[in-house]
Structure formats: structure tokens, C-alpha cells
Amino acid sequence: MKTLIIYYSRTGTTKKVAELMQYTLDCDIEEIVDTKNRKGPVGYIMAGRDANMRTLTTIQPISKKVNDFELVLIGTPVWSWNVSTPVRTFLQENKENLKQVAYFCTMGGNRSERTFTEMEKVCNIKPIATLALTTKEVLQNQFKNKLVAFVNNLSKEK
Ligand SMILES: Cc1cc2nc3c(=O)[nH]c(=O)nc-3n(C[C@H](O)[C@H](O)[C@H](O)COP(=O)(O)O)c2cc1C
């Protein structure tokens, strides 16, 4: 199954998961790049506000053609108990081109379910699998078992 991993990462945690996933699946990968500067404390506050308000941003054009892929794995950090604004924007802009999806997120605490429900609402597609990891699990490299379980779930659904 032709698979694409697409993700946004402000501080590298979700990126680390996406890259190990790409290595495991040997598939295509693309990072969502936000044109809005989200660095520093002001960037943090604006990010939380944007996610909470469900606003959209301007993301750089995606180089891959999303509808060339049968399965797209979409990764986001949790922002304000919600999907991050750049990933919301990607879902909104590409919902017509997505076939099957799976979602993954990283977060400081918990409440991943709300984020996944929100992602599903934006693109109106139920994921075939989900993976939620804490920042701590990722930084301490304690997520390989969950990652393998997620990848196995994908192949069960294929
Ligand atoms: C604006 C903002 C809001 C956040 N809100 C939450 C939250 O509601 N719940 C949570 O568990 N973590 C929250 N976090 C923490 C991030 O989800 C977590 O650090 C994540 O792993 C960062 O991923 P990244 O390094 O890929 O950007 C928030 C982080 C930011 C920047």
C-alpha cells in the first residue's frame, strides 16, 4: 500500500516519531511547514490561542500529491487539547484527496482522544489506527513497542 507520513512539529518531538515511523515502514514522508513564526513564548501563546479558536494558518505547499497515496499517516502535537493549527490547515485543504488515514500525536500530558476526534471531524474520515505518545516517552526513547503495535494495526487493516 502506497503510504505517506505527513506531520507538523514545533519542537522536534513529533518529528522524531515520524522519522522512526518512516524508517520502520520505508515510505514517503513530508513535514508541514507553517509560515507563521511560532518560536519562543509569544509563539507558544499564539499557538495555544490559534488551536483553541480553531483558526487556520498558511502552510507551505506540500510537494507530494496526497491523492497518489492510499494511506496517509498524519502526525500532530497536541495544542490546547486540540489538533495543532498547521495540521488542521493541512486536513482542511486536503480532505478531498485523503483515502485512508491513521493519526498520531505527541503531548505533554493526555487527552489525545479529543485531538483525534477533532482531526476526524475536520476531514470526515475515521482513522484505521491511532498512536498517542507523551513527550517524555519520545524523549526517553520509550515508544518503540507502541510504534510497532501501531504499524502492525496498519497492516491488519490493509
Ligand atoms: C501551544 C501549545 C499547547 C499545548 N497544549 C497541550 C495540551 O493541551 N495537552 C498536552 O498534553 N500537551 C500540550 N502541549 C505540549 C505538546 O503537545 C508536546 O510538548 C508535544 O510533544 C510537542 O511536540 P513537537 O515537539 O512535535 O512540537 C502544548 C504545546 C504547545 C506548544
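In listed order, ligands and their atoms are each counted from 1.
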*Asks:* Going by side-chain hydrogen bond (donor to acceptor under 3.5 Å, both in side chains), name the residues that satisfy it together with Ser84, two or more places apart in sequence or in a different chain.
*Replies:* Thr76

*Asks:* Who pairs with Tyr7 by side-chain hydrogen bond (donor to acceptor under 3.5 Å, both in side chains), at least two apart in sequence or on another chain?
*Replies:* Lys15, Glu31

*Asks:* Is the shortest side-chain N to carboxylate O distance from Lys99 to Glu70 below 4.0 Å?
*Replies:* no

*Asks:* Taking side chain to side chain donor-acceptor pair (under 3.5 Å) as the criterion, tell me which of Asp50, Thr35, Asp34 meets it with Thr57.
*Replies:* Asp34

*Asks:* Please name the residue in the list Phe104, Trp79, Phe90 that meets the ring pair (Phe, Tyr, Trp, His ring centres under 6.0 Å) test with Tyr8.
*Replies:* Trp79

*Asks:* Quick one, list the residues around ligand 1 where some non-hydrogen atom comes in under 4.0 Å, by chain and residue number.
*Replies:* Ser9, Arg10, Thr11, Gly12, Thr13, Thr14, Tyr44, Ala47, Gly48, Pro77, Val78, Trp79, Ser80, Trp81, Thr106, Met107, Gly108, Gly109, Asn110, Thr135

*Asks:* Could you work out, with side-chain hydrogen bond (donor to acceptor under 3.5 Å, both in side chains) as the rule, every residue matching Asn141, not counting sequence neighbours?
*Replies:* Lys16

